[in-house]
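Below is one structure, written out as structure tokens; the observations come after it.
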Amino acid sequence: MSARLVIFLIFLAAGNEPCAHRGWSERGVAAELRAGEEGRVVSRIAFGSCANQNASQPIWSAINEFDPQLFIWLGDNIYGDNKRPPRVFGKERTIGPWKNVPVFFPASEKELRERYRLQKSKPGYSNLRRRAQVIGTWDDHDYGLNDAGKEFSGKNITQKLLLDFLDEAPDSPRFRQAGVYASYLFGPKGKQIKVILLDTRYHRDPIRSDGSILGEIQWAWLDKELRSPATQITIIGSSIQVISNLSATTAPLFHMECWGRFPKERRRLFELIEKSNRSRVVFISGDVHYAEITRYDCATGYPLYDVTSSGITQGVEKVVPSLAFLVRLAALVTPATVRVYNSKCRYKSCTYGMPNFGAIEVDWDATPQTLRLEARDSNGDPVLGVSIPLSDLQVSANSIRHRDCILEVNLPWILRRRLSILVFVSITVFLMLLIVLVCIIISLANRLLRKCKID
């Protein structure tokens, strides 16, 4: 009887819940992690999100150079839905007061398969798949429709397509369950890392409802996962940001999806971590087309970090490259009470709006053992980072040296709306100057005409 079969029978006998993987899959490709070898120490993990399959993806060279043992997709692994062009007039009007159709609409199964094929065939990504184990979850664009939740009717088809893309074993419970959530365990005892991947789409209620993100079935599963035997590190992957809630400070200009827009659900998540006595929990997230690291001290008795990496191809500064400085200025003046500011940031805003990936390194041999969390650019250079002793990520008298407890929604109105006020004032000043300039031009033109008549 092979070692893999013995491990599989033990797995069944142990009565593990669906999708409680043991750090391997039947079609896994990572030499260090295949065949259920939990004894292999994992010290380098990369993660990313927001990869447009039609775009050039040079960043894979930097990811491969980092040489991760594990890569985690955090959603928008392809851009699977279709997008109509912006039109104010015509048969299909996507913007303006006469809008009659949505900007985004679902793609066919055939289109989705082709888009996954394109992404999977990228040379850099193909190289990564040969070198590292790849796992992941989804966000809205690979789920099937921009900002969609449980109401999306095509989710069962897109679930199968995602799992095929991730090389999930054909008999995996993920094909049969409602959603793509899963957990994995890596490393030997004393150096174990648990990875929990959430599904923030399949069961999610409408954005402004303050309803559920995970749904009760997934909440029950998560409760069991967090109450399972302790590990040295627990990484929770969420396609949308957990700690940051910039929508509270960027509204009414624009909004982003995040746990902060479901305050009851976020509070429930924090309470679940606290009640489970789970130490050394770290969040990773994507979605927003920029990178940042956030920290919240008042949820579990020790600091909670959320490392956001977005995206593999997408970046807010790429929209209008010549105006990238305005994007950085907006990020700097927008209140961000939970963002980590330190000397490791490339820009003063401590955000990064060009293509990036997340990097996690664990120094198991250091005293104390240390966790390094970073976002890196297309060259592999760090643009954000923080190093944390693992001893700081547990409840103790010294676990929190300073407390970052003010959330964006708790700011005074005038501070919370600072960006909007600045934008509206700038527009007003610009329009006033434009009017003055027009008046000056008209006045000069009248003088010139009168002079011509006199002559």
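Checked for salt-bridge contact, Glu374 and Arg372 meet the test: a charged N lies under 4.0 Å from a carboxylate O. Using a cutoff of 4.0 Å between basic side-chain nitrogens and carboxylate oxygens, Glu257 and Arg201 are scored as salt-bridged. Salt-bridge formation is detected for the pair Asp297/Arg295: a Lys NZ or Arg NE/NH1/NH2 atom is positioned less than 4.0 Å from an Asp or Glu carboxylate oxygen. The pair Glu317-Arg328 meets the salt-bridge criterion, with a side-chain N (NZ, NE, NH1 or NH2) lying under 4.0 Å from an Asp/Glu carboxylate O. For Asp167 and Arg129, the salt-bridge test passes: some basic side-chain N is under 4.0 Å from an acidic carboxylate O. At a threshold of 4.0 Å, the pair Asp377-Arg346 counts as salt-bridged, since one of the basic side-chain nitrogens sits closer than that to a carboxylate oxygen.
Of the possible donor and acceptor atoms, one in the side chain of Thr313 sits under 3.5 Å from a partner among the backbone N and O of Asn52. Between the side chain of Lys122 and the backbone N or O of Gln53 there is at least one donor-acceptor pair closer than 3.5 Å. No donor-acceptor pair closer than 3.5 Å links the side chain of Asp67 to the backbone N or O of Asn64. Without hydrogens or angle criteria, Gln69 side chain to Val41 main chain gives a donor-acceptor distance under 3.5 Å. Listed for the Ser183 side chain is no donor-acceptor partner under 3.5 Å among the backbone atoms of Ile196. Remark: the backbone N or O of Ile59 is not paired with any side-chain donor or acceptor of Gln57 at under 3.5 angstrom. Between the side chain of Arg376 and the main chain of Gly358, no donor-acceptor pair closer than 3.5 Å is present. Between the side chain of Thr158 and the backbone N or O of Lys155, at least one donor-acceptor pair lies under 3.5 Å. Asp306 places no side-chain N or O within 3.5 Å of a backbone atom of Ile293 that could act as its donor or acceptor partner. The backbone N or O of Ser212 lies less than 3.5 Å from a partner atom in the side chain of Asp205, making a donor-acceptor pair.
Separating the CD1 atom in Ile233 from the CD1 atom in Ile45 is a distance of 7.5 Å, to the nearest 0.5 Å. Interatomic distance, CD of Gln232 versus NZ of Lys194, reported as 12.5 Å (0.5 Å rounding). The CG atom of Asn82 lies 8.0 Å from the CG atom of Leu112; values are rounded to the nearest 0.5 Å. Atom CZ of Arg204 is separated from atom CD1 of Ile240 by 7.0 Å, given to the nearest 0.5 angstrom.
Glu361 and Ser43 form no side-chain donor-acceptor contact under 3.5 Å, judged by distance and modelled atom types alone. Thr308 and Ser285 are linked by a side-chain donor-acceptor pair at a separation below 3.5 angstrom, with hydrogens and angles left out of the test.
Side-chain contact between Gln133 and Phe186 is present, with at least one heavy-atom pair separated by less than 4.5 Å. In this structure the side chain of Glu168 reaches within 4.5 angstrom of the side chain of Phe175, judged on heavy atoms. Two residues are said to be in side-chain contact when any heavy atoms from C-beta on lie closer than 4.5 Å; Trp221 and Leu198 meet this criterion. Under the 4.5 Å side-chain criterion, counting only non-hydrogen atoms from C-beta, Val340 is not in contact with Thr294. No side-chain heavy atom of Leu74 sits less than 4.5 Å from a side-chain heavy atom of Asp139. Here the side chains of Leu393 and Val281 are not in contact, with every heavy-atom distance at 4.5 Å or above. With a 4.5 Å cut-off on side-chain heavy atoms, Leu269 and Trp219 count as touching. With contacts defined as side-chain heavy-atom distances shorter than 4.5 Å, the pair Ile312/Ile63 qualifies.
Residues passing the salt bridge (charged side-chain N to carboxylate O under 4.0 Å, His left out) test with Arg280, sequence neighbours excluded: none. Not a single side chain to side chain donor-acceptor pair (under 3.5 Å) links Gln159 to another residue, sequence neighbours left out. Ser209 meets the side chain to side chain donor-acceptor pair (under 3.5 Å) test with no other residue; sequence neighbours excluded. With sequence neighbours left out, Asp81 forms a side chain to side chain donor-acceptor pair (under 3.5 Å) with His141. For Thr234, the side chain to side chain donor-acceptor pair (under 3.5 Å) partners at least two apart in sequence or on another chain are Thr231, Arg278.
Counting only residues at least two apart or in different chains, salt bridge (Lys or Arg N to Asp or Glu O under 4.0 Å) contacts with residues 263-273 comprise Glu216-Arg268. Judged as a ring pair (Phe, Tyr, Trp, His ring centres under 6.0 Å), the pairs with a partner in residues 255-280 (not counting sequence neighbours) are, in order, Phe270-Tyr296. Counting only residues at least two apart or on different chains, no disulfide (SG to SG under 2.5 Å) pair has a member in residues 129-186. Screening residues 347-396 for ring pair (Phe, Tyr, Trp, His ring centres under 6.0 Å) gives no qualifying pairs among residues at least two apart or on separate chains. The list of side chain to side chain donor-acceptor pair (under 3.5 Å) pairs with a residue in residues 414-424, not counting sequence neighbours, is empty. Screening residues 134-210 for disulfide (SG to SG under 2.5 Å), with sequence neighbours left out, gives no hits. Identified under the disulfide (SG to SG under 2.5 Å) test for residues 334-371, with sequence neighbours left out: Cys345-Cys350.
More than 12 heavy-atom neighbours from other residues, nucleotides or ligands sit within 6.0 angstrom of CG on Leu118. Open room surrounds CD on Glu65; 12 or fewer heavy atoms of other groups in view lie less than 6.0 Å from it.
Between Thr370 and Pro368 the shortest heavy-atom distance is OG1-O, 3.1 Å.
With Trp138 as reference, Tyr143 is the one residue of Tyr181, Phe165, Tyr79, Tyr143 to meet the ring pair (Phe, Tyr, Trp, His ring centres under 6.0 Å) rule.
Between Phe71 and Trp73, the two ring planes are perpendicular [angle over 60°; tilted spans 30° to 60°].
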Please evaluate residues Asn77 and Asp142 with respect to the criterion side chain to side chain donor-acceptor pair (under 3.5 Å), reporting the C-alpha separation (whole Å), side-chain torsions for both, the decisive distance (0.1 Å), and the verdict. CA-CA 6 Å; Asn77 312 321; Asp142 43 354; 2.9 Å; yes
Going through the checks in order, is the side chain to side chain donor-acceptor pair (under 3.5 Å) test met by Ser239 and Asp287? CA-CA 6 Å; Ser239 67; Asp287 178 56; over 6 Å; no
Go through it in stages, so that I can follow the logic: the residues are Thr200 and Ser238, the test is side chain to side chain donor-acceptor pair (under 3.5 Å), and I'd like the CA-CA distance, side-chain angles, deciding distance and then a yes or no. CA-CA 7 Å; Thr200 63; Ser238 167; 5.1 Å; no
